[in-house]
Asks: 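Here it is: the structure, laid out below.
By convention here, the first residue in the shown sequence is residue 1.
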Amino acid sequence: MKQLLVLALAFAAGGACAQLGDVEQRIAAAVRQRGPQALELLEQSVRINSGTLNIEGVREVGKVFRAELDALGFQTRWVDLPPEMKRAGHLVGSRDGRGKRLLLLGHLDTVFEKDSSVALWERRGERVRGQGVNDMKGGNVVIIEALRALQSAGVLQGTNLAVMLTGDEERAGTPQAVSRAAMVELAKRSDYALSFEGTYVLAGGGATASISRRSAGGWALTVKGRPGHAAGVFSATSGFGAVYEAARVLNAFREQLIEPNVSFNPGVILGGTNVEYSDETASGTAFGKTNVISRDVVVRGDLRFLSPEQGERVRHKMREIVAASLPGTSATITFSEAYPPMPPTEAGAKLLEVFSKASQDAGLGPIVALAPGMRGAGDIQFAAPHTVGMDGLGVTGRGAHTDDEDLEIASMERAAIRAAILIYRLTRTPP
């Protein structure tokens, strides 16, 4: 099946004209005609706070985009999650037609919770600053505008498409097997998955897309030592204490684990005689005296890797390091994974070629692959194991997740033209 996809994509990339065909020119023109309306839709959605934990706000933004999908002839539904997950759920729209099936991904939530002091919307000339303008309400608007352009050109009818806008991408509900079940099911039925997170632009001005992304997960290190008078530290009776053992482990990680596409950041450490730490609040307390050998240390860290094989190798080495304890100490380490890795594939590379060709034919320049370490984790990683995926089809902005998050307004038009032409070509790829 994957070989057929690769061949089909190669045919599409090699057989495309050096410029846009008549239908594609109409598609691009339709996008350009709706610049003001696209900005209005963005403003409407951004002026609604939809921090992940603001369930009502996320659902209100969902209503905005649901109305747009309904008007485009999609069958829409709201996917509720169990109440104990404290998440709003997801918006799904679908059209059942002929040809290749595409899954288009976005998210309704932002990192700015209801009590955020960041302005919802602030126009600054040719840029807009506000909550989630580029991550990723701008990307959601690109999806809608690309589909609307296809409808305007008369080529949306009969396509085989699904759109899923999740309500908890920034803080995925756990267990992910539940919160991403609908996405996985849609991905299994799709030939391609396109995600509309922001487009990274390289220092030289070139646009990028992501066909590989590292996993996102964590590790928890717990260390025990023998408490006693500090005068006895390093002795056979007292040993080295928990703090020295934790330092040994962390330094061994630094010395032995560094390799391309792997990171293992220790984000918090507490040590002393008595330690309390809450994963729920990401905070804790420690008590200890300088004349007492430390008894307890806890460390919480982040772990990222590019392939399941790389992840297994790194975890095995971390366990080996932890097991080689200093005298008088013991340590254990456990792992968690929130987002699976998305390793590069030949089919993904071919999909990028098609995207780049569409961009060049539209006069918008080539698209190159973004290094996986330059982008964090995202929803595409749940879909990618089941289909051919690509991310970064959204808008261009700065400062995502910060008080200064903004959007280059003109990038919505560029992104929508690229996406619409790509969708048009993929849905007409020969079997």
Asks: Which residue, L351, V388, D391, forms the side-chain contact (heavy atoms from CB on, under 4.5 Å) with L194?
Replies: L351

Asks: When you look at CD of E312, are more than 12 heavy atoms from neighbouring residues, nucleotides or ligands closer to it than 6.0 Å?
Replies: yes

Asks: Working to the nearest 0.5 angstrom, can you tell me the gap between S45 OG and Q131 CD?
Replies: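 Rounded to the nearest 0.5 Å, the OG-CD separation comes out at 11.5 Å.
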
Asks: Check for a donor-acceptor pair, side chain of T387 on one end and backbone N or O of D191 on the other, with a separation under 3.5 Å.
Replies: yes

Asks: Quick one: are S94 and Q75 in side-chain contact, heavy atoms under 4.5 Å?
Replies: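 S94 vs Q75: side chains touch.
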
Asks: Going by an N to O cut-off under 4.0 Å, is there a salt bridge joining E56 and R59?
Replies: no

Asks: Would you mind reporting whether F196 and V395 have side-chain heavy atoms less than 4.5 Å apart?
Replies: no

Asks: Within a strict 4.5 Å, meaning less than it, do heavy atoms of the T334 and T222 side chains meet?
Replies: no

Asks: Hey, does F74 have a side-chain heavy atom less than 4.5 Å from the side chain of R95?
Replies: yes

Asks: I'd like to know if the side chain of T427 and the backbone of I423 have a donor-acceptor N/O pair within less than 3.5 Å.
Replies: yes

Asks: If you round to the nearest 0.5 Å, how far is OG1 of T110 from CG of N54?
Replies: 8.5 Å

Asks: Go through the steps to decide whether T166 and D379 satisfy the test side-chain hydrogen bond (donor to acceptor under 3.5 Å, both in side chains), and finish with yes or no.
Replies: CA-CA 8 Å; T166 60; D379 274 341; 2.7 Å; yes

Asks: Yes or no on side-chain contact (heavy atoms from CB on, under 4.5 Å) for I143 and L165, after CA distance, side-chain angles and deciding distance?
Replies: CA-CA 10 Å; I143 293 174; L165 305 182; 4.1 Å; yes

Asks: Within the distance-only criterion (no hydrogens, no angle test), does the side chain of S210 pair as donor or acceptor with the backbone N or O of S212 below 3.5 angstrom?
Replies: no

Asks: Using modelled atom types and a 3.5 Å cut-off, is there a donor and acceptor pairing between side-chain atoms of D406 and backbone atoms of R127?
Replies: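 Checking the backbone N and O of R127 against the side chain of D406, no donor-acceptor pair under 3.5 Å is found.
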
Asks: Do M318 and L257 touch side chain to side chain, with heavy atoms closer than 4.5 Å?
Replies: yes

Asks: Below 4.0 angstrom, N of the basic side chain to O of the carboxylate: do D96 and R101 qualify?
Replies: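 Salt bridge between D96 and R101, a charged N being under 4.0 Å from a carboxylate O: yes.
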
Asks: Quick one: do R398 and E408 make a salt bridge, cutoff under 4.0 Å?
Replies: no

Asks: Quick one: does any side-chain atom of R87 pair with a main-chain N or O of M85 as donor and acceptor, under 3.5 Å?
Replies: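 Present.
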
Asks: Quick one: does E337's side chain get under 4.5 Å of Q176's, heavy atoms only?
Replies: no

Asks: With a 3.5 Å distance limit and no angle check, can you tell me whether S50 reaches the backbone of G57 through a side-chain donor-acceptor pair?
Replies: no

Asks: Just by modelled atom types, is the E113 backbone N or O under 3.5 Å from a matching donor or acceptor in the N49 side chain?
Replies: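 Judged by distance alone, yes, a pair lies under 3.5 Å.
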
Asks: Just wondering, do L221 and V322 contact through their side chains at under 4.5 Å, heavy atoms?
Replies: yes

Asks: Inspect the contact between R300 and D279 and indicate whether a charged nitrogen and a carboxylate oxygen are less than 4.0 angstrom apart.
Replies: yes

Asks: Where do L120 and I48 come nearest, in terms of heavy atoms and distance?
Replies: CD2-C, 4.5 Å

Asks: Answer yes when E60 and R47 have at least one side-chain N-carboxylate O distance shorter than 4.0 Å, and no when they do not.
Replies: no

Asks: Side-chain contact, heavy-atom cut-off 4.5 Å: L104 with M164?
Replies: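 No, every pair of side-chain atoms sits at 4.5 Å or beyond.
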
Asks: Given side-chain contact (heavy atoms from CB on, under 4.5 Å), test Q310 with V262 step by step and report yes or no.
Replies: CA-CA 8 Å; Q310 186 180 50; V262 170; 3.3 Å; yes

Asks: Identify the two heavy atoms, one from A216 and one from A377, that lie closest to each other, and give their separation to 0.1 Å.
Replies: CB-CB, 3.5 Å

Asks: What's the verdict on side-chain hydrogen bond (donor to acceptor under 3.5 Å, both in side chains) for T237 and S235, showing C-alpha distance, side-chain angles and the deciding distance?
Replies: CA-CA 5 Å; T237 301; S235 68; 4.7 Å; no

Asks: Can you name the nearest heavy-atom pair linking R418 to A207, along with the distance?
Replies: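 Where R418 meets A207 most closely, the heavy atoms are NH2-CB, 3.9 Å.
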
Asks: For the pair T76 and V92, evaluate side-chain contact (heavy atoms from CB on, under 4.5 Å) and give the outcome as yes or no after the intermediate values.
Replies: CA-CA 6 Å; T76 60; V92 173; over 6 Å; no

Asks: Could you go through the salt bridge (Lys or Arg N to Asp or Glu O under 4.0 Å) check for R148 and E68 one step at a time?
Replies: CA-CA 9 Å; R148 195 185 304 279; E68 298 294 326; 2.3 Å; yes

Asks: Has R123 got more than 12 heavy atoms of other residues, nucleotides or ligands less than 6.0 Å from its CZ?
Replies: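 It does: R123 CZ has more than 12 such atoms within range.
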
Asks: Might you work through the side-chain contact (heavy atoms from CB on, under 4.5 Å) test for M412 and V141, ending with a clear yes or no?
Replies: CA-CA 8 Å; M412 288 197 296; V141 172; 4.1 Å; yes

Asks: Grab the two heavy atoms, one from L102 and one from S190, that are nearest each other, plus how far apart they are.
Replies: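 In terms of heavy atoms, the two residues are closest at C-OG, 4.4 Å.
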
Asks: So which heavy atom on G271 is nearest to which on V297, and how close?
Replies: CA-CG2, 3.8 Å

Asks: To the nearest 0.5 Å, what is the distance between CD1 (I380) and CD (E169)?
Replies: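 Taking CD1 in I380 and CD in E169, the distance rounds to 11.0 Å.
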
Asks: Atom CZ of R414 and atom CG of L364: how far apart are they, to the nearest 0.5 Å?
Replies: 7.5 Å

Asks: Show, in sequence, the C-alpha distance, side-chain angles and deciding distance for R304 and N265, and conclude whether the side-chain hydrogen bond (donor to acceptor under 3.5 Å, both in side chains) test is met.
Replies: CA-CA 9 Å; R304 297 171 190 262; N265 178 61; over 6 Å; no

Asks: Strictly below 4.0 Å, N to O, side chains only: are E185 and K188 in salt-bridge contact?
Replies: no

Asks: With side-chain hydrogen bond (donor to acceptor under 3.5 Å, both in side chains) as the test, pick out the partner of H107 among D135, D168, T52, N140.
Replies: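 Exactly one option meets the side-chain hydrogen bond (donor to acceptor under 3.5 Å, both in side chains) with H107, and it is D135.
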
Asks: Would you kindly check if the NZ (Lys) or CZ (Arg) of R214 is within the cone defined by 45 degrees around the ring axis of F305 and under 6.0 Å from the six-membered ring centre?
Replies: no

Asks: Before accepting this row, confirm whether a basic side-chain N of the pair R425/D361 lies closer than 4.0 Å to the acidic partner's carboxylate O.
Replies: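 The answer is yes: the pair qualifies as a salt bridge.
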
Asks: Would a distance-only check, ignoring hydrogens and angles, find a side-chain to backbone donor-acceptor pair under 3.5 Å from S356 to I367?
Replies: yes

Asks: Roughly how far apart are Q360 CD and F355 CZ, rounded to 0.5 Å?
Replies: 11.5 Å

Asks: Could you walk me through whether S238 and R226 pass side-chain hydrogen bond (donor to acceptor under 3.5 Å, both in side chains), step by step?
Replies: CA-CA 6 Å; S238 298; R226 296 174 186 165; over 6 Å; no

Asks: Are more than 12 heavy atoms, taken from residues, nucleotides or ligands other than E259, located less than 6.0 Å from that residue's CD atom?
Replies: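 Yes, enclosed.
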
Asks: Any Lys/Arg nitrogen of R124 or E122 sitting under 4.0 Å from an Asp/Glu carboxylate oxygen of the other?
Replies: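 Answer for the salt bridge query: yes.
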
Asks: Between K137 and D109, does any side-chain N to carboxylate O distance fall below 4.0 Å?
Replies: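 No, no charged N to carboxylate O under 4.0 Å.
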
Asks: Is there a donor-acceptor pair closer than 3.5 Å between any side-chain N or O of W219 and the backbone N or O of P266?
Replies: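 Not confirmed, W219 side chain does not pair with P266 backbone.
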
Asks: Quick one: OH on Y192 to CG on L422, what's the gap to the nearest 0.5 Å?
Replies: 9.5 Å

Asks: Taking all atoms of both residues into account, what is the closest heavy-atom pair of M390 and M342, and its distance?
Replies: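 Of all heavy-atom pairs spanning M390 and M342, the closest is N-CE, 4.2 Å.
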
Asks: Got a sec: does the CZ of F253 have more than 12 other heavy atoms crowding it under 6.0 Å?
Replies: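 Yes.
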
Asks: Just by modelled atom types, is the A286 backbone N or O under 3.5 Å from a matching donor or acceptor in the E276 side chain?
Replies: no

